[in-house]
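A quick write-up on the structure given underneath.
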Amino acid sequence: MSVCDPSALARSLLAWYDRAGRALPWRKKGNERPDPYHVWLSEVMLQQTTVAAVTPYFLRFIERWPTIAQLATAPTDDVMHAWAGLGYYARARNLHACAKMVAQWRGGQFPDDEEALRKLPGVGDYTAAAITAIAFGKRAVVVDGNVERVMARLFAVTEPLPAAKGRLKALAAHLTPDMRPGDYAQAVMDLGATICSPRNPACGICPWMNECQGRRQGIEAQLPAKLAKPERPTRHGIAYWTARKDGAVLIRRRPPQGLLGGMMEIPSTPWRDDTPWDMAELAAHQPVAAQWRPLPGLVRHTFTHFHLELRLVAGKASANATPLGLWVALDKLSDHALPSVMVKVVKHALAKAY
DNA sequence: AATCCGTGGCC
DNA sequence: TGGCCAAGGAT
């Protein structure tokens with residue numbers, strides 16, 4: 001067997017998958033076709049997100065919204081709330097928009113070809129191919145980070161990402177068989193997730209160990225090569241923990257676009273580079289007029305492209321204040337779509353302000 | 001094309 | 001501890 005025999009490689013991979021494939025909540029056993037709704041939902045959740053993180057969210061979603069029609073009629077904020085903590089919140093907005101389109105214009109049936117799927121919000125090249133192969137059993141070239149890594153190693157592609165993407169996709173297309181499209185796609189991704197892992201790949205038990213050129217050359221651990229990432233700056237902000245006489249605190253909704261778009265937050269100054277805020281600057285950004293007292297410590301959080309250091313101040317709002325936001329009782333905070341960084345802020349405030 | 005967009009686990 | 005990484009998409 002050689003790398004010039006793609007069908008033999010596909011067969012050996014599928015044999016491995018039949019023997020070692022993982023049981024996942026969105027996967028059906030044997031030849032049973034999975035629900036396209038489940039495939040789509042899981043694939044969107046799995047974008048840049050681990051199986052371990054996705055699993056409880058997936059189970060909650062399909063329990064609460066058993067069909068895409070039910071998801072489509074849910075209030076957007078319910079979807080955002082259910083998504084809170086999973087990250088990349090534009091996915092949740094696109095997910096809901098997509099559900100509405102499929103439910104209203106297509107009778108709840110997903111299109112079964114890549115081109116049409118690709119037009120749905122939140123569905124890109126990868127997700128369209130994955131749904132086509134997994135949900136509809138049609139051949140599609142499914143390329144995610146796992147596939148790129150596996151191809152780079154199998155064919156010893158040393159060109160760094162992202163420049164190598166086109167070459168890696170062509171290699172993936174060369175290997176993709178006509179048989180069992182869904183199983184094959186999931187098998188390559190499973191291989192990348194469990195054996196051909198980013199660190200310490202388990203080459204000794206890999207079904208492709210004898211064909212892998214990266215391993216033959218002893219460079220598999222260095223692949224895929226990647227361009228160095230730019231340094232992450234640190235941004236600074238001050239969050240206003242605003243309490244009313246009855247104990248309720250002030251939260252507000254972030255703008256629909258951009259970072260944490262549409263999610264709820266503890267009001268804060270802008271998050272700016274380099275320079276921490278001075279107490280004298282608080283009045284210019286406060287959500288309501290108050291005397292602010294600094295709380296000890298700070299909340300650190302790392303986003304994709306910057307670190308955040310958030311200090312907290314606490315203040316009492318006057319009885320007739322009319323802030324831009326929403327008063328929420330402390331024990332009702334979890335009813336709202338608070339992203340993880342804001343959960344950290346709330347915990348810090350509860351520990352330091354009382 | 002390059003940037004922006006979350007989070008938690010891992011070593 | 002901090003950087004790296006994950007079943008990417010939108011602009």
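Letters go in sequence order (proteins before strands), and every chain restarts at 1. On a predicted model such as this, the values are computed, not experimentally measured, just so you know.
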Identify whether any heavy atom of [X] sits under 4.0 Å from a base atom; if not, whether one sits that close to sugar-phosphate; answer base, sugar-phosphate or nothing.
X	value
A/Gly85	sugar-phosphate
A/Arg93	nothing
A/Leu260	sugar-phosphate
A/Lys165	nothing
A/Val44	nothing
A/Arg149	sugar-phosphate
A/Pro162	nothing
A/Asp190	base
A/Thr127	sugar-phosphate
A/Leu308	nothing

- For A/Asp274, all residues meeting salt bridge (charged side-chain N to carboxylate O under 4.0 Å, His left out), sequence neighbours excluded: none

- With a 3.5 Å cut-off and no angle check, do the side chains of A/Thr269 and A/Glu281 form a donor-acceptor pair? no

- Query: Looking only at side chains, do A/Tyr126 and A/Glu43 share a donor and an acceptor under 3.5 Å apart?
  - Reply: yes

What distance, rounded to whole Å, do you find between the two [atom1] atoms, one in [N] and one in [M]?
N	M	atom1	value
C/dG9	B/dG8	P	22 Å
B/dC5	C/dC5	C1'	16 Å
B/dC11	C/dA7	C1'	23 Å
C/dC4	B/dG6	C1'	15 Å

So, are [X] and [Y] salt-bridged, with charged N and O less than 4.0 Å apart?
X	Y	result
A/Asp18	A/Arg180	yes
A/Arg118	A/Asp125	yes
A/Arg215	A/Glu220	no
A/Arg235	A/Glu309	no
A/Arg253	A/Asp77	yes
A/Arg27	A/Asp190	yes

- Query: Contact boundaries of DNA chain C with chain A (under 4.0 Å, heavy atoms), 5' to 3'?
  - Reply: C/dG3 to C/dA10

- How do A/Ile134 and A/Asn94 order along DNA chain C: which one's closest nucleotide is nearer the 5' end? A/Ile134

- Message: Using heavy-atom distances to pick each residue's nearest nucleotide on DNA chain C, tell me which of A/Val51 and A/Arg232 is more 5'.
- Response: A/Arg232

Whole angstrom value for the distance that separates [atom2] of [N] from [atom1] of [X]:
X	N	atom1	atom2	result
A/Leu227	B/dA1	CG	C1'	13 Å
A/Tyr88	B/dG6	OH	P	8 Å
A/Gln47	B/dC5	CD	C1'	12 Å
A/Leu259	B/dT7	CG	C1'	12 Å
A/Gln48	B/dC5	CD	P	15 Å
A/Met45	B/dT7	CE	P	15 Å

- Message: Reading DNA chain B from 5' onward, which residue's closest nucleotide shows up sooner: A/Phe303 or A/Arg199?
- Response: A/Phe303

- Note on the structure: By nearest-heavy-atom nucleotide on DNA chain B, the more 5' of A/Pro230 and A/Ala90 is A/Pro230

- Query: Side-chain N or O of A/His301 less than 4.0 angstrom from OP1 or OP2 on B/dT7?
  - Reply: yes

- Query: For A/His305 and B/dC5, is the shortest distance between a side-chain N/O and OP1 or OP2 below 4.0 Å?
  - Reply: yes

- Task: Give the C-alpha distance, both sets of side-chain angles, the deciding distance and a yes or no for side-chain hydrogen bond (donor to acceptor under 3.5 Å, both in side chains) between A/Arg91 and A/Asn94.
- Result: CA-CA 5 Å; A/Arg91 291 186 295 174; A/Asn94 287 330; over 6 Å; no

- Item | Ring centre gap for A/Phe303 and A/His301 strictly below 6.0 Å | yes

- Message: Can you pull out the residues from residues 337-352 of chain A that lie within a 4.0 Å heavy-atom distance of DNA chain B?
- Response: A/Pro339, A/Ser340, A/Val341

